[in-house]
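Data block below; observations after.
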Amino acid sequence: MFAKLFTWWNTSTLGTSFTLWRKGARLVGTDEQGNRYYEEAGSSLPGSEGTRPRRWVVYHGIAEASRVPSDWHGWLHHTFDEAPTVAPLTRRAFEKDHLPNMTGTPLAYHPKGSLALADGPKNVNDDYEAWSPENV
């Protein structure tokens, strides 16, 4: 019970659950990561055609915005009227699977010469060639 009061970074809190209940939010769908998406029953956000219903995501696990897939992101921001459960986006051949943000983890990208590499920085000057103007 107390964990749900204070662990806002790891799923929803009692306050979030209360807000969803008070606004009459309905569950619209879930994504492949287990995140749940809700939409307010009424309308409260001002928009171009009057008011729009407010939309929420309740993360399954760590609350990290990069874990929201692009189709649900578009729905959350009212880019798409229909939820991906009703009108899924067509996936193109060149699109890659969603990858979470690895910044700050051991799996983060570290370019050649990075001080964060386990074996220390490499000589980054081996492929560097200074530019000099030709007509000077």
Side-chain angles (χ1 to χ4, degrees):
M1 179 72 169
F2 286 112
K4 199 159 175 81
L5 282 173
F6 301 108
T7 59
W8 57 267
W9 59 88
N10 191 16
T11 198
S12 67
T13 62
L14 286 175
T16 302
S17 299
F18 176 72
T19 300
L20 292 171
W21 171 79
R22 187 173 56 87
K23 295 282 189 177
R26 66 177 177 86
L27 178 66
V28 175
T30 59
D31 63 16
E32 59 276 355
Q33 296 184 34
N35 299 326
R36 298 183 318 266
Y37 299 89
Y38 294 90
E39 185 171 44
E40 183 179 18
S43 297
S44 65
L45 295 176
S48 58
E49 300 93 28
T51 58
R52 302 179 296 178
R54 188 165 181 188
R55 296 172 176 173
W56 292 272
V57 58
V58 175
Y59 296 98
H60 178 255
I62 300 297
E64 171 61 44
S66 69
R67 293 182 55 221
V68 175
S70 58
D71 50 354
W72 281 106
H73 180 271
W75 179 80
L76 283 170
H77 293 275
H78 297 275
T79 304
F80 311 126
D81 291 330
E82 301 284 333
T85 53
V86 176
L89 291 179
T90 56
R91 184 160 175 139
R92 311 225 194 262
F94 59 84
E95 293 182 271
K96 295 184 177 182
D97 290 332
H98 175 75
L99 294 175
N101 184 356
M102 293 293 158
T103 303
T105 70
L107 299 175
Y109 171 72
H110 299 291
K112 180 180 171 186
S114 173
L115 297 174
L117 293 175
D119 54 352
K122 301 271 191 252
N123 183 5
V124 293
N125 294 327
D126 58 357
D127 64 346
Y128 176 76
E129 185 178 322
W131 175 84
S132 62
E134 304 213 6
N135 296 331
V136 176

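Nearest heavy-atom pair, His60 versus Gln33, reported as atom, atom and distance to 0.1 Å: ND1-O, 3.5 Å. Scanning both residues, Gly24 and Ala41, for their nearest heavy atoms gives O-CB, 3.2 Å. Smallest separation of non-hydrogen atoms from Glu39 and Pro53: OE2-CG, 3.2 Å. Across every non-hydrogen atom of Ser70 and Phe80, the tightest pair is O-CE1, 4.3 Å. In this structure, Ile62 and Arg67 approach most closely via the heavy-atom pair O-NH1, 2.5 Å. Across all non-hydrogen atoms, the minimal contact from Trp72 to Gly29 is CH2-CA, 3.9 Å.
Between the CG atom in Asp71 and the CD atom in Glu82 there is a gap of 13.5 Å [rounded to 0.5 Å]. The CG atom of Asn101 sits 11.5 Å away from the CG atom of Leu107 when rounded to the nearest 0.5 Å.
At a threshold of 4.5 Å between non-hydrogen side-chain atoms, the residues Arg91 and Asp97 count as touching.
Put simply, the residue from Leu27, Thr85, Val57 that forms a side-chain contact (heavy atoms from CB on, under 4.5 Å) with Tyr37 is Val57.
Cluster membership check: Val68 shares its hydrophobic cluster with Val28, using side-chain heavy-atom separations under 4.5 Å among Ile, Leu, Val, Met, Phe, Trp and Tyr.
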Worked verdict on Arg52 versus Asp81 for salt bridge (Lys or Arg N to Asp or Glu O under 4.0 Å): CA-CA 10 Å; Arg52 302 179 296 178; Asp81 291 330; over 6 Å; no

